[in-house]
J.: 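The structure under discussion is supplied below as structure tokens; questions concerning it will follow.
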Amino acid sequence: MIRLPSTHAAITAPLIASSTRFPGIPVGKSLLDGRPFHLSPVLAEASILPSTNSLALGGLGSGKSTTGKIRIRREILHHGHQAVVIDSFGEDSTGEWGALTHSLGGRVIEAGSFTLNPCSRLLPPEVREQLIRSLITAVEPGALTYQSTHALQHALNHPKATNLNGLVDSLVRPEDGRWPAAKLAEWGEGVAIGLSRYTEGSLRGLFDGQDATLPPTNLPILTFDFSRLDRNSPAIPSLMAAVSCWAEHVWLRQSTATHRHLVLEEAWQILLSPATSEMIQRLLKNSRKAGLSLDVLMHTLSDLGDGKARDLARLCEIAHVGRLNPEEAANVGALLGLPAWAIKEIPNLAPGQAVWKVGPHYVDIIETMRSEDEARLTDTSSRRRQAQEALAVPDPTLVKEEEEDSNYEDQGQSPPEPIDIEQGDAWDWQMPPNVIDRHYDVIEAARQGRCNEAADLAALGERQDITAHGINSHQAVSWLSTRATVAELCGSPATATQLRATVSHMGKEVEWWTNTTNARTPPAEQHGPPPAAPTAAADPDSGQPPVPLKRRTWPYAAAVAALTIAIAAVWQSAADDKQAAKQAAYKGVSATELNIDGVKTSTFADWSKDGQSVILSVSVDTDEKAKMVRIDSGNQTAHEETQPLKEGQFAMPIELEVTVPVKDRYQAVQLSVMVGGPHWKPNTRAPHRIIEFRPDDTAIDTETGKTLKQWHSRLL
């Protein structure tokens with residue numbers, strides 16, 4: 001019987017969920033099985049992730065804001081997304097998102113430095129009314145009735161209503177309409193009093209200007225910084241109502257990005273406001289159709305009370321929960337449906353670590369990785385760090401080390417060199433090049449689809465190292481990591497997860513070969529200090545201090561390795577069966593016709609023979625009279641707008657093509673197709689559809705999850 005420590009049970013519970021892989025940007029590393037964690041919600045299948053909205057919770061210093069900034073930064077740089085951030089807190093009266101926004105070429109708009117005119121003629125009539133209604137609700141929630149709403153609509157049609165002052169005058173002294181002026185003035189009195197807060201009261205200067213300019217809609221990121229305002233000021237819900245209305249009715253309609261993010265920092269102030277909660281709920285429910293992700297960041301659910309605002313949290317399909325106290329962790333777990341093992345871990349999480357729930361089933365503990373540039377741009381603890389540096393005291397452990405070194409010098413000896421305990425490299429010996437090459441040969445064979453050959457080479461290498469070095473040697477255990485990569489490349493993610501969990505729990509680096517001198521990708525930076533090195537007991541007769549020892553493989557490593565070798569044949573047999581099915585279904589092409597904005601388009605995907613890339617193309621005949629066509633896949637984009645024909649010119653069909661890399665010939669790819677039909681106008685957002693092409697001659701509509709009919713005329 002194999003006895004494992006109790007902590008092993010904690011990592012075996014979520015193994016099935018952990019085998020799920022999501023496409024997109026790198027986020028961090030799983031603390032359960034050591035695997036990298038990637039997630040771009042918009043790239044996930046609709047059947048797994050119906051919506052792309054996210055909720056981030058965590059106490060002060062838990063790292064929720066840092067993770068949110070890193071995710072947005074990578075989505076903008078890798079996929080060309082756009083973001084609008086409502087930022088209401090920071091250090092030194094400066095918002096948290098300012099440095100990141102400037103680094104990405106965006107713009108920070110500070111409250112008080114701009115005046116938004118809600119009566120601007122640049123806004124459509126329905127947007128003007130909605131925006132003004134939101135401003136009234138923010139300061140006088142009960143002012144809007146059926147009668148006052150009609151009085152407001154009547155006043156908005158008056159020629160004087162080009163700014164708030166003119167609108168208030170039109171409410172106080174209306175002209176006759178369907179109802180007499182006296183009755184309209186009576187109905188509009190409460191609305192006029194509410195709006196006077198913005199023209200004569202404490203909120204003067206925010207919305208009462210004549211300037212008709214609006215914030216730009218073509219920047220990669222735009223941040224509205226409300227950090228200089230009192231956090232209890234009614235100006236904050238008013239401004240948030242205005243920005244949310246502008247984002248919904250102007251930004252989303254004019255933006256041409258493949259996907260957009262509305263980030264709500266300190267979101268409890270927005271969700272609790274009657275002026276904005278209804279609008280946010282509408283955006284949450286319609287986010288998929290609008291090509292929008294709402295990314296909500298806040299400390300705890302307790303900030304939302306027990307009302308309607310808490311129900312909005314349930315509409316987020318992605319949850320990121322950092323460190324919370326046990327009581328709050330239990331409340332969050334009950335609301336989000338987290339398993340007991342995850343709830344138990346939440347109070348013990350370190351900064352940068354969080355329990356992630358993606359969709360209905362996937363739960364994992366992820367540590368966010370960040371580069372030096374990202375650490376600098378997302379730093380929100382400079383004041384605390386300065387205080388710590390100012391009050392720093394000598395480390396007693398350093399004094400003790402100096403005393404020990406002086407003891408050696410008094411005896412005429414040199415202090416022993418401590419044995420190096422690897423921090424980036426989990427193995428305590430250096431792999432020779434020929435050993436590394438053997439592992440790379442196995443992985444390369446799997447990448448090229450030669451799974452049986454890869455399995456045979458891995459088994460041969462493992463047997464050779466067991467014979468030469470022993471079953472519990474580093475050489476033998478390293479093959480578990482390599483076999484995990486082979487299983488993943490050959491379509492057995494559950495087997496790969498089991499192997500990686502075994503390696504990770506033994507205290508080894510899951511992808512050990514990425515840390516060698518021949519590594520192709522350097523390991524990502526990790527949060528938290530490395531584990532302390534064990535020391536040997538000192539000999540009482542020698543008078544020598546203890547000397548650090550090398551890290552040892554755990555006693556049960558041999559038993560685990562023996563067990564995995566025994567069941568390798570069963571796992572590999574299943575992998576072979578699955579691989580054979582994939583090979584039989586492989587066609588290397590997929591094509592379908594789409595009707596977007598009244599325009600029929602022909603789309604086509606062609607996988608290269610070497611399995612390294614896919615050519616994605618779209619064609620539109622001249623008879624369709626399309627004014628604009630754009631395609632996006634990964635970071636590849638192709639775009640064409642038709643121009644008026646000159647005399648003697650003939651219309652030409654639109655043909656667009658992009659080439660995207662893939663890991664192997666069986667990988668599916670997604671293509672976003674945007675088409676502006678005969679009535680499309682420049683600088684407005686055109687309808688689009690996202691299609692997932694698969695090499696088995698199938699195509700899936702990611703929004704509905706339905707399989708599309710194949711079109712084969714171009715395949716002949």
J.: Please confirm whether the backbone N or O of A458 pairs with a side-chain atom of R483, one donor and one acceptor, at under 3.5 Å?
T.: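 No; zero donor-acceptor contacts below 3.5 Å.
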J.: Could you check whether any side-chain N or O of S293 sits under 3.5 Å from a backbone N or O of N53, counting only pairs where one atom can act as donor and the other as acceptor?
T.: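 Not a single qualifying donor-acceptor pair exists.
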J.: Between E367 and R35, does any NZ, NE, NH1 or NH2 come within less than 4.0 Å of an OD or OE carboxylate oxygen?
T.: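 Between E367 and R35 there is no salt bridge, as every charged N stays at least 4.0 Å from the carboxylate O atoms.
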J.: Evaluate the side-chain contact (heavy atoms from CB on, under 4.5 Å) criterion for residues W341 and V355: first the C-alpha distance (whole Å), next the side-chain angles of each, then the deciding distance (0.1 Å), finally the verdict.
T.: CA-CA 10 Å; W341 65 264; V355 171; 5.8 Å; no
J.: Do the ring planes of F37 and F22 sit parallel (below 30°), tilted (30 to 60°) or perpendicular (above 60°)?
T.: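 Taking F22 first and then F37, their aromatic rings stand perpendicular (interplane angle over 60°).
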J.: Going from NE2 on H688 to CD1 on I631, what distance comes out if it is rounded to the nearest 0.5 angstrom?
T.: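 Taking NE2 in H688 and CD1 in I631, the distance rounds to 14.0 Å.
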J.: List the steps and the verdict of side-chain contact (heavy atoms from CB on, under 4.5 Å) for L297 and L264.
T.: CA-CA 6 Å; L297 290 81; L264 310 179; over 6 Å; no
J.: How long is the span from the SG atom in C316 to the CG atom in L336, to the nearest 0.5 Å?
T.: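 Spacing of SG (C316) from CG (L336) equals 9.0 Å.
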J.: Does the pair R73/E75 count as a salt bridge with the N-to-O cut at 4.0 Å?
T.: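 Salt bridge absent between R73 and E75.
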J.: Working note: I318 + W356, criterion side-chain contact (heavy atoms from CB on, under 4.5 Å); need CA distance, chi angles, decisive distance, verdict.
T.: CA-CA 7 Å; I318 303 161; W356 284 71; 4.1 Å; yes
J.: What distance separates S65 OG from D87 CG, expressed to the nearest 0.5 Å?
T.: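 Interatomic distance, S65 OG to D87 CG, rounded to 0.5 Å: 8.5 Å.
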J.: Is it true that the side chains of D632 and T258 contain a donor and an acceptor less than 3.5 Å apart?
T.: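 No - no donor-acceptor pair under 3.5 Å links their side chains.
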J.: Verify, without hydrogens or angle tests, whether S633 (side chain) and Q670 (backbone) share a donor-acceptor contact under 3.5 angstrom.
T.: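 A pair under 3.5 Å: yes.
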J.: Side chains of T702 and E692: any donor to acceptor distance under 3.5 Å?
T.: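 No, no side-chain donor-acceptor contact under 3.5 Å.
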J.: For V660, is there any backbone N or O sitting under 3.5 Å from a side-chain donor or acceptor partner on S613?
T.: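 No, the answer is negative, given that no donor and acceptor are paired below the 3.5 Å cut-off.
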J.: Check whether the ring centres of H261 and H81 lie less than 6.0 Å apart, and answer yes or no.
T.: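 They qualify: ring centres under 6.0 Å apart.
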J.: Can you name the nearest heavy-atom pair linking P695 to Y586, along with the distance?
T.: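 That closest heavy-atom pairing would be CB-CE1, 3.6 Å.
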J.: Quick one: does S62's side chain have a donor or acceptor within less than 3.5 Å of a partner on G59's backbone?
T.: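 Flag set: sc S62 to bb G59 pair under 3.5 Å.
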J.: Please report the shortest heavy-atom distance between V363 and P339, naming the atom on each side.
T.: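 It is CG2-CD, 3.9 Å.
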J.: State which residue, out of K69, M298, H320, fulfils the side-chain contact (heavy atoms from CB on, under 4.5 Å) condition with K64.
T.: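 The residue from K69, M298, H320 that satisfies side-chain contact (heavy atoms from CB on, under 4.5 Å) with K64 turns out to be H320.
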J.: Measure across P351 and G61 and return the closest heavy-atom pair with its distance rounded to 0.1 Å.
T.: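 Heavy atoms only, the tightest pair is CB-O, 3.5 Å.
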J.: What's the spacing between D696 CG and S590 OG if we round to 0.5 Å?
T.: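 Taking CG in D696 and OG in S590, the distance rounds to 7.5 Å.
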J.: Would you call L708 and R689 a side-chain contact if the rule is heavy atoms closer than 4.5 Å?
T.: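 A side-chain contact under 4.5 Å exists here.
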J.: Can you tell me how far the CD1 atom of I72 sits from the OG1 atom of T101, to the nearest 0.5 Å?
T.: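 Reported to 0.5 Å precision, the distance equals 10.5 Å.
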J.: Using every non-hydrogen atom in the two residues, find where I443 and L489 come nearest and quote the distance to one decimal.
T.: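 The pair with the smallest heavy-atom distance is O-CD1, 3.8 Å.
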J.: Please evaluate residues I596 and V673 with respect to the criterion side-chain contact (heavy atoms from CB on, under 4.5 Å), reporting the C-alpha separation (whole Å), side-chain torsions for both, the decisive distance (0.1 Å), and the verdict.
T.: CA-CA 8 Å; I596 306 175; V673 183; 3.8 Å; yes
J.: Looking at every non-hydrogen atom in both residues, tell me the closest pair between A446 and C490 and how far apart they are.
T.: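 Scanning both residues, the minimum pair turns out to be CB-SG, 4.2 Å.
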J.: Report yes if the side chains of I366 and L31 come closer than 4.5 Å at any heavy-atom pair, otherwise no.
T.: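 No; the side chains remain at least 4.5 Å from each other.
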J.: Side-chain contact, heavy-atom cut-off 4.5 Å: H38 with V27?
T.: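 Of all side-chain heavy-atom pairs linking V27 with H38, none is under 4.5 Å.
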J.: Would you find a donor on one side and an acceptor on the other, under 3.5 Å apart, between the side chain of S40 and the backbone of L43?
T.: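 The answer is no, because no donor-acceptor pair under 3.5 Å joins these two groups.
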J.: Give, for atom CZ of R74 and atom CG of L39, the distance between the pair rounded to the nearest 0.5 Å.
T.: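 Atom-to-atom, R74:CZ and L39:CG are 12.0 Å apart.
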J.: Quick one: do the T698 and T707 side chains pair a donor with an acceptor below 3.5 Å?
T.: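 Looking only at side-chain atoms, T707 and T698 do not form any donor-acceptor pair under 3.5 Å.
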J.: What I'd like to find out is whether the side chain of I86 reaches to under 4.5 Å of the side chain of V263, using heavy atoms alone.
T.: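 Heavy-atom side-chain distance check fails, nothing below 4.5 Å.
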J.: Evaluate the side-chain proximity of T378 to I70: yes if any heavy-atom separation is below 4.5 Å, no if none is.
T.: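 Of all side-chain heavy-atom pairs linking T378 with I70, at least one is under 4.5 Å.
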J.: Is N325 reaching over with its side chain to a backbone N or O of E327, donor-acceptor style, under 3.5 angstrom?
T.: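 Yes, the answer is positive, given that a donor and an acceptor are paired below the 3.5 Å cut-off.
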J.: Donor-acceptor pair, D664 side chain versus Q667 backbone, under 3.5 Å?
T.: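 Yes, D664 side chain to Q667 backbone: donor-acceptor pair under 3.5 Å.
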J.: What I'd like to find out is whether the side chain of T659 reaches to under 4.5 Å of the side chain of Q636, using heavy atoms alone.
T.: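 A side-chain contact is absent here, since even the closest heavy-atom pair is not under 4.5 Å.
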J.: Do S481 side-chain atoms and S478 backbone N/O form a donor-acceptor pair below 3.5 Å?
T.: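 No, the answer is negative, given that no donor and acceptor are paired below the 3.5 Å cut-off.
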J.: Would T368 and T67 count as a side chain to side chain donor-acceptor pair (under 3.5 Å) if you check the C-alpha gap in whole Å, the side-chain angles of each, and the deciding distance to 0.1 Å?
T.: CA-CA 7 Å; T368 302; T67 299; 2.9 Å; yes
J.: Any side-chain to backbone donor/acceptor pair from D701 onto K706? Under 3.5 Å, distance only.
T.: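 Checked: no pair found.
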J.: Write down the atom of V658, the atom of T637, and the distance for their closest heavy-atom approach.
T.: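 Of all heavy-atom pairs spanning V658 and T637, the closest is CG1-C, 3.9 Å.
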J.: May I ask you to test the V669-W607 pair for a side-chain heavy-atom distance under 4.5 Å?
T.: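 V669 vs W607: side chains touch.
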J.: With heavy-atom distances below 4.5 Å as the criterion, would you say the side chains of E317 and P50 are in contact?
T.: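 Yes, side chains in contact.
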